[in-house]
Structure formats: C-alpha cells, structure tokens
Amino acid sequence: MTPDNLKLYRAMLTSRRLEEAISELWRDGLISGEMHLGIGEEGIVAGVVDHLDEGDAIAADHRSTPPMVMRGVDLPAIVAECLGSSAGLGRGLGGHMHLMSRRHIAASSGIVGASGPLACGFALANQQLRPDRVAVAFFGEGAMNQGMLMESLNLAGCWRLPVVFVCKDNGMAITTPSQSVTSGDLPERVRGFGIPAVEVDGADAEAVWQAASEAILRARRGGGPGYLHASCVRPEGHFLGDPLLRIVRRPVTELRAKVGPLTRAASSPQGAGVAQRAASLGGITTMVARAAGMRGRDPVRRHRARLEIDRGRLEALENEVESAVRAAVEEALASLEEVSA
Amino acid sequence: MTPDNLKLYRAMLTSRRLEEAISELWRDGLISGEMHLGIGEEGIVAGVVDHLDEGDAIAADHRSTPPMVMRGVDLPAIVAECLGSSAGLGRGLGGHMHLMSRRHIAASSGIVGASGPLACGFALANQQLRPDRVAVAFFGEGAMNQGMLMESLNLAGCWRLPVVFVCKDNGMAITTPSQSVTSGDLPERVRGFGIPAVEVDGADAEAVWQAASEAILRARRGGGPGYLHASCVRPEGHFLGDPLLRIVRRPVTELRAKVGPLTRAASSPQGAGVAQRAASLGGITTMVARAAGMRGRDPVRRHRARLEIDRGRLEALENEVESAVRAAVEEALASLEEVSA
Amino acid sequence: MRELSFTGAIEDALAHAMADDERVVVFGEDVPGLRMNLYARFGEARVRPAPISESAFLGAAVGAAMAGLRPVVEIMLVDFLPVAMSALVNEASKIAAFSGGEWQVPMVVRASCGGGYGDGGQHEQALWAWLAHIPGLSVVVPSTPADAGGLLLGALAHEGPVVFLEHKLLAEDWLDYMGGGGRTTVAFDVPAAGARGPVPETWQPTPLGRAIGLREGGDLTIVGVGVAVHRALEAADRLAAESGFEASVIDLRSVQPLDRQAVCEAVRGSRRLLVVDEDYRDFGLSGELAATVMEAGIGARYARVCVEDTIPFDRRREAQVLPNTDRIVAAASRLVER
Amino acid sequence: MRELSFTGAIEDALAHAMADDERVVVFGEDVPGLRMNLYARFGEARVRPAPISESAFLGAAVGAAMAGLRPVVEIMLVDFLPVAMSALVNEASKIAAFSGGEWQVPMVVRASCGGGYGDGGQHEQALWAWLAHIPGLSVVVPSTPADAGGLLLGALAHEGPVVFLEHKLLAEDWLDYMGGGGRTTVAFDVPAAGARGPVPETWQPTPLGRAIGLREGGDLTIVGVGVAVHRALEAADRLAAESGFEASVIDLRSVQPLDRQAVCEAVRGSRRLLVVDEDYRDFGLSGELAATVMEAGIGARYARVCVEDTIPFDRRREAQVLPNTDRIVAAASRLVER
Ligand SMILES: Cc1ncc(C[n+]2csc(CCOP(=O)(O)OP(=O)(O)O)c2C)c(N)n1
Ligand SMILES: Cc1ncc(C[n+]2csc(CCOP(=O)(O)OP(=O)(O)O)c2C)c(N)n1
Ligand SMILES: [Mg+2]
Ligand SMILES: [Mg+2]
C-alpha cells in the first residue's frame, strides 16, 4: 500500500502554516506562555494520523496542535483555544496544552508521559465497545523515562490493547540531551516489553506512513500494541521563546546578563576542580550549539520535493491551505473581540 | 571465589528459624496483620547479603526480615518491632513492613517498587561519600511493573550508580500469577535498559553468591548497576493467614462460606457467556492450586544437604542458632511485658 | 429488608450495575481473587487483573471513562494512590474544565482506607480530605452497608470522577485479609452497625453530598464520616448517660460534595461543633468544617478529635491516636462544660 | 545591604551552602540549564541532570538524605509532584516515625508554583496545603528575596523533609521561562517588593514556622503566603485609603509548621480574619486557620479569598479567580462593615 501523498502534504502544510500563524500571535502577546510547537514532527504525525478514522483515538502530549489539525479538528476552534477565547475547543479554559475533541476521542496533556495511560484507556474502551478501533499515543523520547509510560507499555502488552505508541525522538528534553539521561537504546527497551518496535526516519512522512500502517493494522486485528520510534527535529526550540534559541538568535543581547554571573561562578573559590568546571562549561556550550543545530531535515519541504504533481495544482493546494489558515486565525481573533466587546 | 558455605547456612537458618518463631507469635495474636515472610527466598538474600559490609546499603521490600537478619541487625530488636514493643528497631512505631537500621543503612517499605528509588539514593550517597560502597535493592517480580522501579533501572544506568537490583521471582503477586500481567521477559526488559542481567536459581545460595559477587564487584569498581533475577518459592503464602493457603490447608471449613455465593454468581442470569464464566472458574481453581504448589525447592534444606561438614559440628551450629532465636524471642517478649506492666 | 455485610452490599449493588450496564467494568490488582463472584459471573474481560502499575491503570481508567466505559478501578489501599496521583490531580479532575464542560470522566476509584487493626502508618491512612482538596474530585466515605451500596450506585451515576473509600474495619473482606488472617487470637473494635445491616430490596443510587443525621441532640453537634461516625454515636450515648448532655451526630457520607447546609443548620442550634476525623488533622476536613461555620457567621465553640501524626504500628498506641470514644467523650465534655 | 532578585537570592544562599557543605547536592530535570551558575562552579557530580523520572529521583533523594547527603531535589513545577507523591507521603515524611526517631530525612524539594501568567490549570497550582496535610512534611512559601534565601538555608538546616515553593510571579527565571519568553508584548502583575529586594550581606538560616507581620492594623487581620501577601498589602492600603479601616497583614512564610500563635494573637485583637490563599479553598489553609482560631476560643468574623476551582487558561478569567486585590478589598469591606 502507498499513501495519498498529496493528502499527507496538505495535512502537514496545514499544520505547519497554522503553527506559524500561532507563532505570530504568540509574538504579538496574544497567546500566553509555554507554547510548544510541533514544527519538525509533522512527518511523524501525518504518517500516523492518516490511518485513523471514526472511533480511533489519539492521546497527545504538549505538542498537540499537529495531531488535532491532521485529525480534522476545527481549525478556528484550535486557534481560539490558544487565544483563550470562549469560542475555543475548551472555551478558553484548557489552553494549548489541553487541546481536545470529544468527537474525535482526542485529548492531550501537559504531564510528560500521560499520553501512555490515556491511550491505554482509550484502547481499552475500544476493545470493549468498538472492536477494530485503535488508539495512538504520541510522546517524545524524554517521556520514555517516565514511569507511567513504561507501565503503559507493559499494560498494553499484557492486555493486548489495540494501541500504537509513537515516540517522536528529537533528541532533547528542554535543554537536556536525552541520551545523557537515558540508559540503553529505546527501541530495545520496548522490545524488552515484548512489543514490536520499528525505527523510522520521521522526516520521511511516507516511510512513517508505511510503518504505521503495519502497526495499526496489527492492532486493529487484535494483535496487540506496537511501537514506532521516529526521529525528528525541533527547529523552534522547546517552546516559543526558548532561552537557548534566543541566545542562538541574538547572542549579544541575550548573553549580556548571563556571561558575567557565569564566569564569576565558574571561577569562584570552593567548588569542583578545574576539570569538572571545564566540563560543565563545555556542557553549556554544547547545549546552546544543539539548539542551533536543530534546523534541516524539514519533513514538509522534503515531502513537497517528492510530490509528482504539476506546479499549478501544487500552488493551488498551497493557496487553499494558506487561506484556510488565514480564515481560521481571523475567525478566532474575531471571537476574541466579541467577548471583550 | 567460593563462599563460606557454613556462614551462608548459618545466615539462612537463623532467618528461617526466626521467621518460624515469628509465625508462632503471629498465630498467638501477638503480631498484627500483613506479616509477610521471606521463607523460601533465603537462598537469594544470603547469597547477596554475604557480600555486604560497613557502608554498603540495603533497600528491602515487604519481606524484609531475612535481609535484616543476615545483615546482622539485632535479632531481639527485630522481633520486638514485630511485636510493636518500644524495644523494637523502630520503637514499635514502624512495624514489620518498616524494619530499618540506620547503622546498616538498611531500610524497607511496604510500597511495592519503593526499594528501587531508595537503593538509587543510597547508591548516590555512596558514590559521593563512600566510593566503592554499593547498595542493593530487593523486590519481587510483581514489582517490576511498578513505574518507579523501572525508572530506577534507567536512573541507575545513566548515573552509573553502584546498585545491584535483585528480583526475587516467586511467580506470584498476592493471588495473581505475575506472568499473566507481565509483557515480555523480565531479564530481557532489564537488558533493554543497558543493564547486565543474570538469571540464577534462587534456591541455590551458592549460585546466587557467585552471580552476586560479580555484579557487586563491578558496581564497587564504578562499572554501574547490575541485575539478578532469582527464582524462588512462597510456601507460606503471600502473608501469614493467606486466604488461598487457608483453603488449601482446610478446604472444608474455608470453602463453606465461599462456594455458595460463587456458584450462585457463576450461574446468575446476565453476565458473560458460558465459556468466559468457565474460564473464570478455571482461573480461580488455578489460583488455589498454585498456592498449594509453592512447596519444595527449599533453599535451606538444599544448602544443608550440600555442606561438607561432620554431623556433630552441624548440629552444634544448629543448636546455637536455635538458642539465639529462642533468646531473641524471649527478650522481645520480656520487653513487651515491661511496657504493659 | 435484607441484611448484608458492608462488603456484601457493595458487591450486590455493583453486580446489579454490571448486569444493567455493559459499560461498567472493574479492574485493578488482584481483582479476580478479591472479587471472585463478579469474576465468575462477568468474566475476565469485565473483571480484569492489572499489573502493579497504578499510574498506568488509573490513568487508563480516565481514558476509558472518556471513551465511553464506566470503569470501577480498584486501588487496594488509599495509601497507594500517592503513587499515581497525577491521574486524579492533573487528568481526571480537570478534563471537564479543560474541555469547557464538553467532556466528562465518569469513573469510580474504589479503595480501602483507615486503621484500627495494626497495619502501621503506611497502610492505615484515610486521606479523604487530601483527595477532596482537588476541585473536580468527589470523595465518598460510607459508614453502613445500605449507604455503601447506595453511594456506590450514586458514584456510578455521577458524571465526574469519584473516589469511593471503604473503611477496613467495616469491610469484612479487607479486615480478614489484612488483619485477622483467619485467627481467633485477635480482636478488632468493629462497629457492628457499620459492618452488617439492613439494605433495601432494590438498590437506588444515593445522591452524593447529602449528610444524614443519625442522632438528635441540642447541646452539641458531632460531625464525621466512616468509622468515626460510629465512635461518635457511642460517645454521644455515653455523654448522655454520664452527664446528661445530648449530642446530635451527623454522618456527612461524602466529603466532597460537602453538605455544608446540614452542618450549619445543626450548629446554628447547638452552638457547639465537634469534628471527629480519622484523616490527618491539619489542612483537612476538621478545618473545612470550621471555615464553613465561620463563613456562615455562626458563633460556636469548636473542637476536633483527629489523627495528628503518622499512625503507630503498635496496636496499643494506635488505639490511642485514632479518634476513639474516650477521646470524643473527653473533647465533647470540655465543649459542653462551662 | 545588597539587592537581589528572588531567584538570585536563592542561588546566592544555595551557592554558599554548597561551598560550605559538600553534602549538599542538587539534582532534577534540566538543572544544568536551569542552574547554570551552580553547574559551572560545582560540576556535574553535584548539579546533576535527571531523566524525566520524578518517582525515581524524588525517591532517590529520600535514600540519599538517609545515607548522608543533603539533597536539594528540583521538581520543576509543584504540579508534577502528584506523579511522584508516594516518595513524600509514604517515605520521606514517615521514616522518622517508623524508625522511632532514629533516622531523619534532611532533604529539600524545590519547586515552582502558582499562577498569573496564563499557563492553564495543570501548570499553575499552589498545592501547599495539600502537601502540608501530611504529617512529617514541612512546606515553605517565601514572599521576598530575603526570606527566600533565609528560608532555603532554614530548610537545609532542618532535619526533616521540606518542600520549598517558589512562586512563578516572584521568580524571574521561571516567569521569563514559562510566561514572558523574552517578549515585550506581554505584561504580568508582578509584586515588585517580592521579585527584588534587599538581602543580608551574610546569610543566616531563617527558622521555619515563624510568621512575620508586614503591616499593622487593628480592624482586620489578613493572612496568607507568597504572592497573596503582596496582594493583601495592596488591598490593605486601598482599604485604608478608601474606607479608613486598618488591616494587619501576616505572612506565614511556612505553611507547615504553622505559626498558629501569631495568627491567634492578631485575631484576638482584631476579631476579624481574612485568609487570602492561592491554593484551593476547600480542605486547605483557609480552613486550617479557621479551625486554629475557633480552637483557641476566639470569636471572630471570617472570610476567605481563595482559588475555588481549576484555574482557567484564559488570562482574563484567570485574573478573576486568583486572589486579586479587588476580591480582597471586597471581602475585607464586607468583614469590617456593620
Ligand atoms: C511529569 C512532568 N515532568 C516534567 C515536565 C516538564 N517538561 C515539559 S516538556 C519536557 C520535556 C519533554 O521531552 P520529550 O518527551 O522528549 O518531548 P519534547 O519536548 O522533546 O517534544 C519536560 C521535562 C512535565 N510537563 N511533566
Ligand atoms: C504501590 C503498591 N501497590 C500495591 C501494593 C499491595 N501489594 C503488596 S505486596 C503485593 C505483591 C507484590 O508482588 P511481588 O513484588 O512479586 O512480591 P512478593 O509478594 O511476591 O514477594 C502487592 C500488590 C502495595 N503494597 N504497594
Ligand atoms: Mg524530545
Ligand atoms: Mg512475587
């Protein structure tokens, strides 16, 4: 089987454009803190969500805009929720870390790892009420060290739940390189739970689609859980306003206040030996360098380059997406004004 | 290297005799509920604890009498604690699920899985304050599904903590066969965390000793954590008064009140289909059968049979142990009377 | 009227609910052993053993409830909930708010609680006020078989998450399991009217948040839940016999929703409030009732008999720190004197 | 006197403690990034990044403290503690009791808390009373840089476990991190005197459990912790200016131990108690203070301005449900009227 690549492209582009628009609103001060974007992971989300239909469920993490967009949740309601408008998905009460749609059995949480148990619960309900329907859990590689997620792997395995765990590995958990706090190899860890684990390049939406197809089909047929480990990047940092990315982008301004205290601390008497201090400073430099190195491997651009379609149709599609996003933002902004008026 | 088998035997026998004495006190109503014994796992505990010395630490689970006894904690204080006497290890305030000795950096907890984080903390302190000293965590195979324990495996791995995890696999968690709620193979799971895992017959104290020797030595030398998976039995049930074992031992009396409601329920209208009901009844029968099947493979008897020592010396040792245990019980009982007097 | 044990009443009501509604499922550690009769009748798909993974299966209950089931999830002892509290504090209790009221989480968490059988400070906690502190969580603590069955159905009918707590001195299965172990050599101070009693022929859900007056008396109002209610009744009788003062006793039955009106009405008459609470004293139910009365502008004398510290293992000392009848009589006497 | 920010004061005091005492170690998620200066000075062995495994590393802190270290363990937001509460509820707080007083757990849990920057109901909780409900846990909530540094050292000197909570509106690093993100397009209602202020040249540990009076006034006593104290001061000034009533304002500084005496003394004079609390209203600090006053036999009018429900994401609605100055003035006015 092969995916409808144009459909995948539309999904990814819509998510990308919407998140870019959200970034603008955030910069204008209209969206409050901790706005985590899924830019860089659209290839993973598109390749998985394309397989889902009525009755299938999604448990998402703090980067939940792409799955909601791609699952077909109302765009204006998503933006309105980010704005805190009462026209939002959660009437402005939940916010961007809690995008949810009952109709799509899709919910998200800001507690790292919480998508594991939630997806198991969705899958359990499907097992009892809607045989052949599945649940998908999205989370990052950092979340793989959270107990409730590891427990969920075991629970899904022993209850043979129709759930597919999707790990979006961008290598980082905020400023911490996940490898430095992870023992062993993650797909191997999952296999240790008796769950088939597949590694895939998350920048390649089509490859993800293929891998997901198999895992989801197996789950639908009662074959139990599956796991996809998909690499990705985090070009916009941990969240909008990421301090490390600010340093990368405006080193002079951002470092001014930091360098003095840092060098003072690093050279204060009492404390670690020179080698350890040097190692720390090296660690800090690497931290910043990693933030800078998160560009490239853009799943959307890559997918676009592969499309075999004439330029005119492509541009038409892109214009459609642009206008849908623009309309969504306008509608959301209007809803906000109505309330404050 | 080979162990001092006589020393191991003395340790195991002391623990066994003390727990037998505790059972008597429990039957007499002098010890309150949830008295979990370590009878059946002495081979594991002896083979591990024999390697520990000043500065080494133990985090135990709800079956904590054997590790305390074998680590050299005062016997009368252990018994007194079980009796709730103010002469007890915790002045009668903690009880048998919370045996602890500060001097031995040895503590236990009734929260399944809690020995994992605790041992990591002990090991962290050792890493900083007492290089070459280690920590050991004891727990059951059921605990391996507890998130905090799985997290501890990862933590120990990435911090290279000097900790040895010891899983005492008796196959059961209360009345649940652990296999039925565990996905995958446990040693494989641990290897997935990048931690070397060794399987050993826990009824063979000498084999455990060998396996532990290697893991503990590696940890002492900064080589990071290790894991032993040791099989064992649970002949006295989950705890004293285990309902399943009561059924096994006195089927007529114990089943009288239960069979009526059970057959009524199993044959009530509305509910599962016949096949599922039959499966449930089969499950219940297996549950009881398993409780009955937990005899044999006695690590103490087995170790005794192997000792190459003349009968006279052996009997002398056994008499010594008997009197030490008797004296401990008497001292503990006396302390209790003093208080109530 | 039939007579049932506390445990029997819950099982009976639950079996009816399960027969009526396929969406009701039970899961938790060891449930085939603990709920053998339900297991035999409804099969493993609806009475499922869970691994020792409270965070995963409590969290799964949230998802299951959101996706159409009505899970009754068993956490053996309330003391184990702290292992998995994020599912309640950050998910179950907040989904309705976060979804703007669109999405509900109809789940029941069933756990045993309380002390009095020598199980030590890590296995005898009450924690009901600790749970009730979190907006969006309901907490039910029945004190009789009839209430246990009725409130279980009330909890199942409720659209939000409910923690249903069974005191181990009332629930015969738990007490035998964790305390007695089939011995005749131990005794427990079990409130007879709580452990066994009349139940209706046909169960009706008891709505949450309605206190019930169990004794009339104008000199003093004693308020509590669970076993404390029975201790209070005993103390009130002693007080009447020994010093002629008459206390009313109110069983709140649910800690959240809290029947503030019932308490205020009674205290407005008696001008004396005594809270008897097996949960920890500080920042708990006893404080909330004080605030309730003060907020209503009712001037009253006030005292509380609670658990003040980690519960000791030793049964002698344990008996002293639990809200026993002596402590209640003493506190009540001080309140009515002068 | 030097001036420092709230965050700077904590870092300064902590750096001193670490330089003085090798046993003090810091660990938690992301600490090399969050505590860059300490990381650069003390190295990774003592400022250690942890995996996203709160249960393991909080539990490890308990063990580390028992085995001789003085861990300062960072849980980024107090909202994440429910993931790992068993380490506090069932281990840290109970070891001293279970060991008959032989073994202590000297650890400090450092976490940010509180709202006012639009982060939604799962990331803006206060939870101090929820923590303080558990016997054996101390809970500290400083409101100024000087108290933040002093109480951190007080917490480190304490032999039992202490949760040290930093309000995100006071801690500039957290506010920039989670709220501002370097933008000039957003504004937060930061209490100036809480975010930056004088600190002593040489740090001294501030003992836990001592409230401090920040404003004198005989008509009314307002009590709180953290940001609420600053709101109360502002409200008290407005009340004085608008209606001539003078309120005293008490900053409890620690929720547990609770300085009951300070509160009782003040209310004995004013006969009016207003609790301003950013933690949830029910079964919390506001109730405990009502009980404190009633237990002391002090007749008083009482009101409370608290968070009553899950905090809304929308900043407009969020501002209305947090204990803001308007709500405090309104409640205070009702209390003093008549
Ligand atoms: C239980 C919990 N701990 C910590 C946090 C803070 N936090 C938010 S996102 C994050 C990093 C998550 O890393 P990962 O799972 O790899 O996802 P990514 O952000 O890289 O997509 C952390 C630590 C949280 N929200 N919840
Ligand atoms: C967190 C937690 N959940 C549940 C329990 C109840 N419980 C006590 S022992 C036990 C079974 C433990 O099984 P295992 O780890 O295999 O040890 P075993 O008893 O077989 O030695 C359970 C579920 C508990 N004490 N703590
Ligand atoms: Mg990541
Ligand atoms: Mg076992």
Side-chain angles (χ1 to χ4, degrees), chain B residues 26-30 32-35 81 84-86 90 92-98 109-113 142-143 145-148 173-176 178 180-182 239-244 246 254 258 261-266 268-273 276-277 279-281 283-284 287 340, chain C residues 8 11 15-16 18-20 29-34 36-47 49-56 76-77 79-80 82-84 117-123 173 175-187 310-318:
Chain B
W26 181 86
R27 262 174 227 117
D28 291 345
L30 292 171
S32 56
E34 291 213 71
M35 184 70 235
E81 188 60 25
S85 156
S86 47
L93 297 168
H96 44 65
M97 263 188 283
H98 303 284
S109 172
I111 296 298
V112 169
N145 293 325
Q146 178 62 257
M148 69 178 104
I174 315 186
T175 69
T176 303
S178 291
S180 70
V181 290
T182 304
F239 45 33
L240 289 173
D242 183 327
L244 290 184
R246 270 146 65 190
E254 289 290 334
K258 291 200 167 68
L262 189 62
T263 44
R264 254 197 312 285
S268 289
Q270 294 168 299
Q276 284 185 59
R277 295 187 192 217
S280 286
L281 290 175
I284 294 168
M287 218 182 268
S340 35
Chain C
E11 177 169 305
H16 273 88
M18 292 182 74
D20 281 357
E29 287 151 40
D30 246 28
V31 290
L34 281 172
M36 242 180 227
N37 299 334
L38 298 176
Y39 180 62
R41 177 167 173 191
F42 297 101
E44 185 153 320
R46 290 180 68 197
V47 183
I52 310 178
S53 307
E54 287 85 1
S55 305
M76 311 184 109
L77 273 70
D79 314 72
F80 307 154
V83 168
Y117 62 100
D119 208 5
Q122 199 187 58
H123 288 70
D173 58 339
L175 187 61
D176 173 62
Y177 195 70
M178 314 201 71
R183 293 177 289 177
T184 54
T185 48
V186 283
T310 298
I311 299 172
F313 169 74
D314 172 23
R315 288 197 64 201
R316 293 154 289 255
R317 282 171 280 176
E318 176 201 32

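Order of the sequence lines sets the chain letters (A, B, ...), proteins ahead of strands, with each chain counted from 1.
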- With only heavy atoms counted, which part of C:Ile311 is less than 4.5 Å from chain B, the side chain, the backbone, both or neither? backbone
- Item | Value rounded to 0.5 Å, distance of OH in C:Tyr177 from CG in B:Asp242 | 6.5 Å
- Examine whether an atom of B:Thr263 lies under 4.5 Å from a heavy atom of chain C, and if so say whether it belongs to the side chain, the backbone or both; otherwise answer neither. neither
- Best-contacting candidate, B:Val112, B:Ile284, B:Leu281, B:Leu244, against chain C by heavy atom pairs under 4.5 angstrom: B:Ile284
- Highest number of heavy-atom pairs under 4.5 Å with chain C among B:Thr182, B:Leu240, B:Leu262 belongs to B:Leu262
- Quick one: what part of C:Met178 sits under 4.5 Å from any heavy atom of chain B, side chain, backbone, both or neither? both
- Message: Report which part of C:Ala45 has an atom under 4.5 Å of a heavy atom belonging to chain B: side chain, backbone, both, or neither.
- Response: both
- Which of B:Gly283, B:Pro243, B:Gly95, B:Ala173 touches chain C most, by non-hydrogen pairs under 4.5 Å: B:Gly95
- Message: Checking B:Thr175 now: which residues fulfil side chain to side chain donor-acceptor pair (under 3.5 Å) with it, not counting sequence neighbours?
- Response: C:Asp30
- Message: Within the 4.5 Å heavy-atom criterion, are C:Tyr39 and B:Gln276 side-chain neighbours or not?
- Response: no
- With sequence neighbours left out, write down each residue that passes side chain to side chain contact (heavy atoms under 4.5 Å, CB included) with C:Ala56, or none if nothing qualifies. A:Glu151, A:Ser152, A:Leu155, C:Ser53
- Most chain B-contacting option - heavy-atom pairs closer than 4.5 Å, from C:Glu318, C:Glu54, C:Arg317: C:Arg317
- Item | Residue among C:Pro82, C:Ala187, C:Pro312, C:Pro51 with most heavy-atom pairs under 4.5 Å to chain B | C:Pro51
- Query: Between B:His96, B:Glu81, B:Met35, which shows the greatest number of heavy-atom pairs under 4.5 Å with chain C?
  - Reply: B:His96
- Task: Locate the shortest heavy-atom distance separating B:Gln270 from B:Arg277; write the atom from each residue and the value.
- Result: O-NH2, 3.2 Å
- Item | chain C contacts, top residue of B:Arg264, B:Met148, B:His98 (heavy-atom pairs, under 4.5 Å) | B:His98
- Message: Strictly distance-based, threshold 3.5 Å: is any side-chain N or O of C:Arg41 a donor or acceptor partner for the main-chain N or O of C:Ala19?
- Response: no
- Under 3.5 Å, is there a donor-acceptor pair between the side chain of C:Arg46 and the main chain of C:Gly43? no
- Item | Segment of C:Val83 engaging chain B (4.5 angstrom heavy-atom cut-off) | side chain
- Note on the structure: One option among C:Phe313, C:Tyr117, C:Phe80 has the most heavy-atom pairs under 4.5 Å with chain B, and it is C:Phe313
- Taking atom types as modelled, is there a side-chain donor on B:Thr176 or C:Glu29 under 3.5 Å from an acceptor on the other? no
- Note on the structure: Counting heavy-atom pairs under 4.5 Å with chain C, the top scorer among B:Ala272, B:Gly241, B:Gly147 is B:Ala272
- Message: Taking every non-hydrogen pair under 4.5 Å, which of C:Gly121, C:Ala50, C:Gly120, C:Ala15 racks up the most with chain B?
- Response: C:Ala50
- Query: Rounded to the nearest 0.5 Å, how far does OG of B:Ser268 lie from CE of C:Met18?
  - Reply: 12.0 Å
- Separation between CG of C:Asn37 and CD of C:Glu11, rounded to the nearest 0.5 Å: 4.5 Å
- Query: Who among C:Val186, C:Asp314, C:Ile52 has the most heavy-atom pairs with chain B under 4.5 Å?
  - Reply: C:Ile52
